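See structure below.
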Amino acid sequence: MKIYNTLSKQKEEFIPLYDNYVTMYVCGPTVYDYFHIGNARSFIMGDMLRRYLEYKGYKVKYAMNLTDVDDKIINKANDEKTSTDTIAQKYIDVFFDDLAKLKVKPADVYPKATEHMNDMIELVKDLEEKGTAYNVNGNVFYDVSKFKDYGKLSGKKIDELESGSRVEVNDQKRNPLDFALWKKAKDGEPFWESPWGKGRPGWHLECSAMSMKHLGKTIDIHAGGNDLIFPHHENEIAQSEACCTDQFVRYWVHFGFLNFKEEKMSKSLGNFFTAREILKNHSAEAIRLLFAQTHYHAPLNFSKELLEASEKGLEKLNNLIDSIVEIKNSGKLEEDSNKFSFSEFYLEFEQAMDDDLNTPRAVAVIFDFIKHVNKLLTEYPSSKNLIHSIEIFLNKTTDDVLGICNVKENEKNNAASLEPNLIEILIGIRADAKKNKNFELADKIRNDLAEIGIILKDSKDGTTYTRKNI
RNA sequence: GGCGGCGUGGCCAAGCGGUCUAAGGCGAAGGUCUGCAAAACCUUUAUUCAUCGGUUCGAAUCCGAUCGCCGCCUCCA
């Protein structure tokens, strides 16, 4: 498989450090608020990458940090007259809750900054000993001039950055680009004891320390939004490679922004929808399909209309699943000797995904597949092998990798309870009504069922139904 | 000012030197089926890829210029 590596600015063949074991780190949330649908794009695309690696047979160790010490958390705690811990815990719960709703597979570890103080302090001590960090009255800064590769990820040059007007002025720094590794505590702020006095870590530090601790000094994939390339990821490289390793990350993966009305969706611009808000009216599957329909690297212009279009597209998939479930429940299935391997669809799906996770192409393969099997289904309406092969294909691709459908769940919903039997009875009554040309009654039954989300469909072989969320 | 990205049908979006008179989704139009619907299926919907030049036997794809949009350089996924 090929992956675009921000470091080399080109697609590279992905070869993990150790055989079939992949280490992957995705920058997680600062837990001070609900995350928005733009943040969700990173979480979901990271999830799809991880799922596809697993599909390919890799064993993936996946870590996502929780930033629970930060200015924004402190401010929020002050505003709400509560502790930073309370704020952090509240939004950690929210985060997990929303991620689960978005069908994002849980990471193997969710390291928290507050639980890795010693690791971070050790890292800073090490940098200080090596002369790459300096202490000014309890503030410890990283000396950018000591790291010759500084700028290798973002393509920025130290002198060019210096001449830029936006670099913060700080008397204590030797160089305006130097960044804080350890910040001296101000009154009323949470703090930890350290060799430099009471304070807290700078914001790049945790990712370096926790990535190396949980995944090893050199990891395979580190991913995050485009806006993290500089300075965050650049600084992570500087910290980690100056202290502990020749290569911190082998493949840097960055996700394009989610825009709203041609502008980056962000908290500071205020033009955002929280994921939670969107999930009230739209399914996780539709959100995931929408994201999959654009390449992860490109910007995605978000709108509710687009989401609705994806929702409609999903219906094609769901209708297929419904008809499969319906056929299975009907008891009409027969053993047969037909073989349906769908190997060309698997191949095309894999070729698309192997090409830098080209999910839009993969989705196109899925829709081609749907069209193809719908035809087969009319040709072989009772083939057990057909149904079985379709289910396996959908499970592997649309469910396991893309996370946009769930065959098993649909079956469960359909099979549960007395409901199917009751619906069959109503269908029977309606069939009699139709026979007697009592269309008024027939339509009433259909309309009333539609109101509770049961959609009847007539065909020459009888009436079937599907369920729709209302 | 420095660095990076983008401009493909009504909308979204793949394609990145020949199979492109350009995949797939949404939308629209017609048809098959049906008491009517729904679903499904079949047609139709870009001789053209921001514009202008160039390279090449051949360009949406490479190069240059122009126009337009966006992002990073400050917290941000």
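Everything numeric here is computed off the predicted structure, so don't read it as measured data. First the proteins, then the strands, lettered A, B, ... as listed; each starts at 1. In what follows, every heavy atom counts, from backbone to side chain, and hydrogens, waters and symmetry copies are set aside.
Rounded to an integer number of Å, the gap from CG of A:Leu307 to P of B:A13 is 14 Å. With rounding to whole Å, A:Leu290 atom CG is found 17 Å from B:C11 atom P. Between the P atom of B:G25 and the CG atom of A:Asn318 lies a distance of 15 Å, rounded to the nearest Å. When the P atom of B:G24 is taken as reference, atom CG of A:Asn358 falls 15 Å away, rounded to whole Å.
Nearest to the side-chain atoms of A:Phe230 among the listed nucleotides B:A14, B:C73, B:A77 stands B:C73. Side-chain proximity of A:Thr294 to the nucleotides B:C69, B:A13, B:G71 is greatest for B:A13. Here the side chain of A:Glu262 is nearest to one of B:G15, B:C72, B:C70, namely B:C70. When distances run from any side-chain atom of A:Gln293 to the nucleotides B:C70, B:G25, B:G27, the shortest one goes to B:G25. Closest contact between the side chain of A:Arg446 and the listed nucleotides B:G35, B:G15, B:C69 involves B:G35. Here the side chain of A:Trp203 is nearest to one of B:A23, B:C12, B:C75, namely B:C75. Of all nucleotides listed (B:G35, B:A23, B:C76), B:A23 comes nearest to the side chain of A:Asp368. Closest to the side chain of A:Glu263, out of B:G71, B:C72, B:A23, is B:G71. Considering only side-chain atoms of A:Lys156, the nucleotide from B:A77, B:C72, B:G35 that sits closest is B:C72.
Comparing the C1' positions of B:G71 and B:G10 gives a spacing of 28 Å, expressed to the nearest Å. Across B:C12 and B:A28, the matching C1' atoms stand 15 Å from one another, rounded to whole Å. B:U61 and B:G25 have their P atoms separated by 26 Å, with the value rounded to a whole Å.
Residue order along RNA chain B, read from the 5' end via each residue's closest nucleotide, puts A:Tyr4 first among A:Leu258 and A:Tyr4. The residue among A:Ala442 and A:Gly28 whose nearest nucleotide of RNA chain B is located toward the 5' end is A:Ala442.
Between A:Phe179 and A:Tyr142, the ring planes lie parallel to each other; the angle is under 30°, not in the 30° to 60° tilted range. Ring geometry, A:His372 versus A:Phe345: the interplanar angle falls from 30° to 60°, so the pair is classed tilted.
Neither OP1 nor OP2 of B:C12 sits under 4.0 Å from any side-chain N or O of A:Asn301.
Nucleotide B:G1: paired with B:C73 (Watson-Crick or G-U wobble, both distances less than 3.5 Å). The nucleotide B:C57 finds its pairing partner in B:G18, both defining distances of the Watson-Crick or G-U wobble pair being shorter than 3.5 Å. Under the Watson-Crick or G-U wobble criterion, with both distances below 3.5 Å, B:C36 is left unpaired in every strand shown. If you check B:C41 for Watson-Crick or wobble pairing at under 3.5 angstrom, you find it paired to B:G31. Across the strands present, B:G68 finds its partner in B:C6; the criterion is a Watson-Crick or G-U wobble pair with both atom distances under 3.5 angstrom. B:A23 is unpaired under the Watson-Crick or G-U wobble criterion, no partner having all donor-acceptor distances under 3.5 Å.
Near RNA chain B, meaning a heavy atom under 4.0 Å from it, residues 428-437 of chain A has A:Arg430, A:Lys434 in order of number.
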Which pairs, protein N/O on one side and nucleotides 39-42 of chain B N/O on the other, fall under 3.5 Å?
| from | atom 1 | to | atom 2 | distance (Å) |
| --- | --- | --- | --- | --- |
| B:A39 | O3' | A:Asn319 | ND2 | 3.1 |
| B:A40 | O3' | A:Asn374 | ND2 | 3.2 |
| B:C41 | OP1 | A:Asn374 | ND2 | 3.4 |
| B:C42 | OP1 | A:Lys375 | NZ | 2.5 |

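Counting atom types as modelled, A:Lys264 pairs a side-chain N or O with a base atom of B:C76 as donor and acceptor under 3.5 Å. With hydrogens and angles left out, the side chain of A:Asp443 and the base of B:G35 share a donor-acceptor pair within 3.5 Å.
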Report the C-alpha separation of A:Phe369 and A:Phe349 in whole Å, then their side-chain angles, then the decisive distance to 0.1 Å, and conclude whether the ring pair (Phe, Tyr, Trp, His ring centres under 6.0 Å) test is met.
-> CA-CA 10 Å; A:Phe369 173 82; A:Phe349 178 80; over 10 Å; no
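Other residues, nucleotides and ligands place more than 12 heavy atoms under 6.0 Å from the NZ atom of A:Lys101.
The aromatic ring centroids of A:Phe393 and A:Tyr346 lie less than 6.0 Å from each other. Centroid-to-centroid, the aromatic rings of A:Phe260 and A:Phe272 stay 6.0 Å apart or farther.
Stacking of A:Arg50 on the aromatic ring of A:Tyr62 is recorded, both the 6.0 Å distance cut-off and the 45° axial limit being met.
Stacking here means ring centres nearer than 5.5 Å and ring planes tilted less than 30 degrees, and by that measure A:Phe367 does not stack onto B:G25.
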